[in-house]
Amino acid sequence: MPNATRNPPETGGGIDFGAALPGASGNETAAGRERIAVRNLNFYYGSHQVLFEVQETVHEHEILALIGPSGCGKSTFLRCLNRMNDTIPGSRLEGEVALDGRNIYGPGVDVIALRRRVGMIFQRSNPFPFTIAANVAYGLKVNGLARRRSEFEAVIERSLRAAGLWDEVKDRLDKPALSLSGGQQQRLCIARALAVEPEILLMDEPASALDPITTTRIEELAIELKARYSIVIVTHNLQQAARISDRTSFFLMGRVVETDATRKLFTNPSRQETEDYITGRFG
Amino acid sequence: MLFRKLMAALASIVAIVLLILVGFLAIYAWPAIRFNGLHFLVKNNWSLGFLYSDPILRHGQQVMPGAHYGILFLIAGTLLSTAIAVLLAVPIGVGAALFLAEGVPALLRPWLSFFIELLAAIPSVVYGLWGLVVVIPFLGHHVFPAMQKWLGFIPFFRGPAGSGYGLLTSGLVLTLMIVPLITATLRDALVSQQSHLRDAALALGASRYEALWTVQLPGVRRVLIGSSILATGRALGETMAVLMVSGNALNVMPNNIYTTISTMASFIVSQLDSALTDPTGMAVKSLAEVALVLCLISIVVNSLARVLLLYQDRMTFGVI
Ligand SMILES: Nc1ncnc2c1ncn2[C@@H]1O[C@H](COP(=O)(O)OP(=O)(O)OP(=O)(O)O)[C@@H](O)[C@H]1O
Ligand SMILES: [Mg+2]
């Protein structure tokens with residue numbers, strides 16, 4: 001992918017993953033360029049306000065983890081970043097979400113182009129009921145990014161390799177995607193998202209329905225992908241947040257309690273609520 | 001264990017009932033099958049013969065003199081009117097289902113869906129009567145003459161346009177009857193499909209329309225195929241509505257889209273009375289043979305659709 005050559009990784013990425021678990025957050029001082037800036041975000045489902053004055057930034061080549069108790073608005077926040085909430089009738093948003101300095105809720109924004117730049121992986125893997133290859137090709141096809149068969153094939157292979165799935169499926173690309181295992185399906189969804197070359201990846205509890213080994217696989221993948229993308233990941237698994245993220249944001253009842261370097265937040269949080277949460281006193 | 005056995009027993013009962021039905025029909029119609037031979041399927045000469053003379057012996061069977069039973073025109077009328085109905089109803093039904101599932105304001109949706117279900121529940125004789133009173137005068141006076149004039153260059157649309165009774169009218173009334181079937185089933189499937197496929201498509205940069213067309217609809221294609229089979233079955237077997245608008249043609253092949261026709265199901269009903277006056281019973285047995293052929297056609301159509309269902313998993317979505 002072009003981004004890879006343009007932006008060499010600043011840290012070792014996933015290579016030394018096994019050796020230093022919290023070490024994945026060795027990035028805390030060397031934060032890259034700011035990609036997403038969220039200011040004073042309020043979000044409502046009808047009259048029910050779900051997000052309150054949220055401030056957040058996402059930098060280049062970082063993994064930002066969102067943690068917090070169920071129902072605190074993490075998914076809602078994530079979906080604000082690629083305007084997926086637009087499809088929910090009666091929802092309303094105030095404030096600003098800027099991608100590279102431009103408000104994505106401003107006038108004249110091309111939502112389709114936005115969603116191509118800001119890809120999303122869902123909690124429940126959701127492959128299309130097509131073949132494996134057709135799943136990966138989908139984004140290329142609807143966006144008219146490829147024409148010839150050879151172009152499709154190149155992107156399919158590259159994306160499946162990047163998602164660590166190529167070796168397992170290369171002989172059965174024409175088989176139904178739904179014949180894959182749960183973990184394979186989720187990695188297929190990642191490959192599908194990578195195929196359109198997004199710049200930022202949003203992951204909403206991508207491993208919550210998967211077994212530990214597959215979870216590890218997806219965590220490794222996230223760290224590898226960080227070299228080329230910015231990643232925002234929602235997780236219920238605090239160890240997971242600690243293992244893979246550079247910075248962590250703690251959400252509580254629709255507010256960001258604190259955002260800090262992961263190591264700092266998990267060892268020495270500034271706020272009492274955060275400490276209560278990460279020490280398991282509630283949530 | 002017990003449950004599985006019970007289910008297996010129930011499933012086999014259904015199969016057995018079907019076998020018994022077709023079996024008895026076949027046994028009853030057997031003399032007619034022997035008497036008519038292949039003639040039955042390839043000739044257009046249904047005639048009960050001279051009912052007031054004495055029966056004669058032909059091919060070892062007691063029949064009335066001059067009796068022939070050839071029903072090619074019935075097969076043609078049935079298949080053509082059903083084909084028109086299904087070809088029109090599938091796209092209309094799909095469009096209506098998509099509209100109901102996605103395009104209608106949420107407040108209106110339950111009402112419209114309720115009306116569609118109501119339409120699906122209306123007895124067919126009501127459709128027939130409505131076709132007779134409203135559709136036929138309108139088509140016969142306004143639409144068919146215009147079609148003959150403007151579409152006459154297409155072979156099957158060339159005149160004479162007739163009175164309004166006939167093939168196209170039957171097809172249209174059948175369409176109206178089966179559209180609600182397809183719409184109601186497909187809408188339920190689309191609504192219960194939940195949003196995860198749509199979300200996946202949107203997140204990849206598809207527009208709402210593209211998501212609908214490329215992902216959500218293919219996601220319910222099993223239901224679409226299934227409901228189309230049911231609809232085809234209903235159109236093939238529809239009796240009263242067709243009887244009232246088809247014009248009840250006898251022994252003529254439809255040669256344009258306006259000609260009067262008869263279908264197998266409506267023919268059985270309309271001929272039963274006179275067939276019962278045949279002292280040899282051959283006429284009724286031949287009607288039973290018509291029913292048997294109708295059954296076989298339905299079975300063939302269903303089997304073809306099964307094959308389609310088997311292959312639909314191979315769907316590849318365009319290029320790759
Ligand atoms: N489509 C919707 N319509 C109305 N309310 C919604 C909708 N989606 C979420 N909510 C409400 O918004 C609040 C936040 O939900 P959200 O899904 O963002 O929480 P979450 O932090 O992701 O929770 P979890 O960890 O359980 O996934 C909840 O109170 C939820 O009931
Ligand atoms: Mg959530």
Side-chain angles (χ1 to χ4, degrees), chain A residues 79 82-84 86-90 110-149 151-153 155-156 173-179 189 192-193 195-196 198 201-202 204, chain B residues 94 98-113 186 189-227 308-320:
Chain A
R79 292 165 61 96
N82 65 345
R83 292 188 61 167
M84 282 302 289
D86 287 16
T87 58
I88 297 174
D110 179 354
V111 180
I112 289 179
L114 168 76
R115 295 201 183 121
R116 212 163 61 217
R117 291 175 66 190
V118 184
M120 188 160 211
I121 318 290
F122 298 83
Q123 171 171 8
R124 239 174 88 197
S125 66
N126 49 5
F128 301 130
F130 311 142
T131 62
I132 294 170
N135 263 274
V136 185
Y138 183 82
L140 301 177
K141 202 140 187 267
V142 290
N143 289 300
L145 297 178
R147 300 236 171 278
R148 269 172 291 122
R149 199 186 168 88
E151 292 176 285
F152 278 107
E153 278 166 355
V155 177
I156 288 170
L173 292 174
D174 58 345
K175 293 282 175 313
L178 295 169
S179 66
C189 292
R192 183 175 71 181
V196 294
L201 272 183
L202 311 175
D204 193 348
Chain B
V94 168
L98 290 180
F99 182 66
L100 279 178
E102 297 281 335
V104 181
L107 268 175
L108 276 179
R109 208 172 289 160
W111 289 103
L112 283 175
S113 305
L186 203 58
L190 278 171
V191 168
S192 63
Q193 187 187 39
Q194 291 162 349
S195 54
H196 68 276
L197 286 183
R198 182 193 65 182
D199 281 358
L202 294 180
L204 289 167
S207 65
R208 289 266 314 256
Y209 170 78
E210 283 166 335
L212 209 54
W213 193 248
T214 60
V215 175
Q216 288 167 270
L217 197 56
V220 296
R221 59 189 179 239
R222 270 184 164 277
V223 178
L224 175 59
I225 296 173
S227 66
L308 206 65
L309 275 178
L310 279 184
Y311 280 95
Q312 55 90 31
D313 277 340
R314 312 270 166 85
M315 176 150 160
T316 57
F317 181 59
V319 181
I320 293 292

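The chains referred to below are lettered A, B, ... by the order of the sequence lines, with proteins before strands, and numbering in each begins at 1. This is a predicted model, so every value here is computed, not measured.
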Nearest atoms (heavy-atom pairs only) where [X] meets [Y]:
| X | Y | answer |
| --- | --- | --- |
| A:Asn126 | B:Ala200 | ND2-CB, 3.4 Å |
| A:Pro129 | B:Gly219 | CG-CA, 4.0 Å |
| B:Leu204 | A:Asn143 | O-ND2, 2.9 Å |

Open item on the list: Is A:Arg79 close to chain B through its backbone or its side chain, or both, or neither, when contacts mean heavy atoms under 4.5 Å?
Closed with: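 Answer is side chain: those atoms of A:Arg79 sit under 4.5 Å from chain B.
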TODO: Please flag which part of A:Phe122 lies under 4.5 Å from any non-hydrogen atom of chain B: side chain, backbone, both or neither.
DONE: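 The answer is the side chain of A:Phe122.
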Task: Flag side-chain contact, heavy atom, 4.5 Å: B:Thr214 against A:Tyr138 - done: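 Contact flag for B:Thr214/A:Tyr138 side chains = yes.
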- [ ] Could you tell me which of A:Val196, A:Thr87, A:Asn82 has the largest number of non-hydrogen atom pairs under 4.5 Å with chain B?
- [x]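 The answer is A:Thr87.
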Task: Residues that A:Asp110 engages under side chain to side chain contact (heavy atoms under 4.5 Å, CB included), provided they are two or more places apart - done: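 Only A:Ile112, A:Ala113 meet the side chain to side chain contact (heavy atoms under 4.5 Å, CB included) criterion with A:Asp110.
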Open item on the list: Could you work out, with side chain to side chain contact (heavy atoms under 4.5 Å, CB included) as the rule, every residue matching B:Leu212, not counting sequence neighbours?
Closed with: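 Side chain to side chain contact (heavy atoms under 4.5 Å, CB included) check on B:Leu212 returns B:Leu98, B:Glu102, B:Gln216.
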TODO: Would you give the length of the straight line joining atom CE of A:Met84 to atom CZ of B:Arg198, rounded to the nearest 0.5 angstrom?
DONE: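 These two atoms lie 7.0 Å from each other.
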- [ ] Measure the spacing between CZ of A:Arg83 and CG of B:Leu202 and express it to the nearest 0.5 Å.
- [x]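 Interatomic distance, A:Arg83 CZ to B:Leu202 CG, rounded to 0.5 Å: 12.5 Å.
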